Amino acid sequence: MKTQTAHAGTVAPAGVAARPRRGRIRGSHHTHRTTVRWLLAPAVIFLLVWMLVPLAMTFYYSFENYNLMMPMDRGFAGILNYQLLFDDPIFWAALGNTLVLVFFSLILTVGFGLALALLFNRTFPLRGVARTLAVAPFFVMPVVAGLIWKNMLMHPVYGLFAWAFRSLGLEPIDWLAQYPMSSVVIMITWMWTPFALLVLLTGLQSLPEDQLEAVRLDGANRWQEFRYIVLPHLGQVIYVVLMLESIFFLTSFAEIYTTTSGGPGTATTNLPYYIYLNAFFQYDIGTSSAGAIAAVVLANVFAIFLIRFVSGNLNAGANR
Amino acid sequence: MSTPVDIDQSRQGLGGVLLTLLAYAVALLMFFPLFWMLLTAFKTEQTAVSLVPQLFFTPTLDSFREAMAQGSTYNHYAWNSLVTAVGSTLIGLVLTIPAAYAMAFYPNKRTDFTLVWMVSTKFIPAVGVLIPIFLVYRSLGLLDTRFGLLMLYTAMNLPIMVWMVYSYFRDIPKDIIEAADIDGAGVLQTMVRVILPLALPGLASTALLVTILAWNESFWSIMVTNHEASTLAAFIASFRSAEGLYWAKLSAGSVLAVAPIVVLGWCAQRQMVRGLTFGAVK
């Protein structure tokens, strides 16, 4: 790694030296450029080594015959791993579960988040305290959240919900066994509604006050105010929340690991959990790498929109 | 927090009161699971699992005492959490500050690309790199080491850090750099003497955000550690198969692991929004 760094540092500046520079700071001399390159290199190299090289290796493994139980039996597998993956009904179940989880969690968190943001954007006594209590779940580590819900709330015998059902003379529900996916979505909604709330509230607070004043003077009612002023203003913010949350929800793992372990059966096995099972219990590096590539492709579908947005944001910043 | 625009200013009255009550109810409902965990932490193991949930009971500190006893396994995991979260933040800052500085004050043709590329690595799902990292770590002896975990946390948070610090640097007027330049200060000298002090609040909130993210992280801790380097998240996750056992202990451990972060998180709400949305929402 050291030699590569030195290589990049000494050779590259010569390559750009001839080109005119678009630097913001004029009159800085040649040494600056070399220094700047050195300043940037460690972070870039770190991300290359820890993220891009492993990603490339995953891609490579996905075309390899590679099972940890049969270390002698390695070699190029062509598209066999992908064929195995696409022939595996559990893969399709996991893909379906992933999409169901993402879809419903998105709808619920953004819906509740928006409602709560409007609720907490009013002035009322103790607003700070109430808002603080409402956003607390977001700061709780996912494993703790999962275990609170699984044990203390949803447990079929000792859980609070079971007690409530018994008190009402109803049969307690074994949530994680009877409604596994709904239970996971409920937990994720509890954890992530505060995120949507926080971001949307921040968005609401930058609402142009004069526009609101104007429509009020025009006699707009509350719905019209919301529909024509608040919602368009929030549109971009909602978009950001949707994109970010979808990437987080696509990679949900701890919530499932601590509660349902992907079950019963494959009812809550999502793509990350499926890859984990394949890699750590089947020792099948090849097929699980193919699964991992599928997960990366899926995440990219969402990420492309977000990255486009981030770079658009970048240019907006540059024009300041 | 800036003063919010009050949508309902002209229309309080009964509806307003009802909305306020609704807000209180929602706040209590959202917080309730955490309150229940807090309560359970003060129960004995017997009262923690009873068919009729106990709201009133004689509180005991036994579970906390056990967790915090000298040389307890809990302390071992808490120490690991602290070392990996703070360590990854410090290494992250060392990598981030020069990079963000170079991009903010000496941009060239490729700066935009580099920046977006760095941010985009955040969107690679962890499972996408899990298998090679596990295998490489295994052959290098990095499995179940604090160093190995710490480096993963640094990689996980670096894109957010670079983006945030870059955006804070961009808020600093360029004249300051030009003045330092004319005075003949070198790039490094300007960075350390002039820019860092100015960006200190931004750097602090960046550090706070990523420390929280690393502390709460569980995927890598579960995957690449076993006991030696396991963090609190992995330790708490190990309670997942204990059906109806050790609820008080689990709650006390969770309260200790979660409380400091919830408090820090409350303080850093605004920075969290800015950081997690990549500056799109401030």
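Heavy-atom basis, side chains included; hydrogens, waters and symmetry copies ignored. Residue numbering restarts at 1 for every chain, and letters A, B, ... go by the order of the sequence lines. Because the structure is a prediction, the values reported are computed rather than measured.
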Separation of [Y] [atom2] from [X] [atom1] (nearest 0.5 Å):
X: A/T251; Y: B/I124; atom1: OG1; atom2: CD1; answer: 12.5 Å
X: B/N108; Y: A/R37; atom1: CG; atom2: CZ; answer: 6.5 Å
X: B/F105; Y: A/L39; atom1: CZ; atom2: CG; answer: 12.0 Å
X: A/L40; Y: B/T111; atom1: CG; atom2: OG1; answer: 7.5 Å

Checklist entry - Looking at B/V262, B/L34, B/V258, which hits side chain to side chain contact (heavy atoms under 4.5 Å, CB included) with A/F139? => result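 Running side chain to side chain contact (heavy atoms under 4.5 Å, CB included) over B/V262, B/L34, B/V258 with A/F139 returns exactly one hit, B/V262.
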Just so I understand: if I count every heavy-atom pair under 4.5 Å between each of [options] and chain B, which residue has the most?
options: A/G146, A/A56, A/P137; answer: A/P137
options: A/V157, A/V296, A/T58; answer: A/T58
options: A/I247, A/L160, A/L153; answer: A/L160
options: A/P54, A/A254, A/P194; answer: A/P54
options: A/L68, A/L244, A/I275, A/V53; answer: A/L244
options: A/L55, A/I304, A/V129, A/T132; answer: A/T132

Next on the checklist: Restricting to non-hydrogen atoms, name the atom on A/W190 and the atom on B/M30 that form the minimum distance, rounded to 0.1 Å.
Outcome noted: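 Residues A/W190 and B/M30, closest heavy atoms: NE1-O, 2.9 Å.
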Checklist entry - Which atoms form the tightest heavy-atom contact between B/I236 and A/L147, and what is the distance? => result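 Looks like O-CD1, 3.1 Å.
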Checklist entry - So with a 6.0 Å cut-off around CZ of A/F161, is the heavy-atom count from everything else above 12? => result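 Count over threshold, so yes.
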[X] versus chain B, the contacting section by heavy-atom distance below 4.5 Å:
X: A/Y239; value: neither
X: A/F112; value: neither
X: A/F59; value: neither

Checklist entry - Can you name the residues that form a ring pair (Phe, Tyr, Trp, His ring centres under 6.0 Å) with B/Y153, not counting sequence neighbours? => result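 Partners of B/Y153 by the ring pair (Phe, Tyr, Trp, His ring centres under 6.0 Å) criterion come out as none, since no residue qualifies.
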Checklist entry - Can you list the steps and then say if A/F124 with B/Y24 is a ring pair (Phe, Tyr, Trp, His ring centres under 6.0 Å)? => result CA-CA 10 Å; A/F124 57 86; B/Y24 290 152; 5.7 Å; yes
When heavy-atom pairs shorter than 4.5 Å are enumerated against chain A, which of [options] gives the highest number?
options: B/Y137, B/Y101, B/F35; result: B/Y137
options: B/A257, B/G253, B/A237; result: B/A237
options: B/P159, B/G128, B/S238; result: B/G128
options: B/G92, B/A99, B/A100; result: B/A99

Are any non-hydrogen side-chain atoms of [X] and [Y] less than 4.5 angstrom apart?
X: A/F302; Y: B/F123; result: no
X: B/T121; Y: A/W50; result: no
X: B/W36; Y: A/I148; result: no
X: A/F280; Y: B/L130; result: yes
X: B/V273; Y: A/F195; result: no

Next on the checklist: For A/S261 and B/R240, which I'm curious about, is there any donor-acceptor pair between the side chains at under 3.5 Å?
Outcome noted: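 The criterion, which ignores hydrogens and geometry beyond distance, is satisfied for B/R240 and A/S261.
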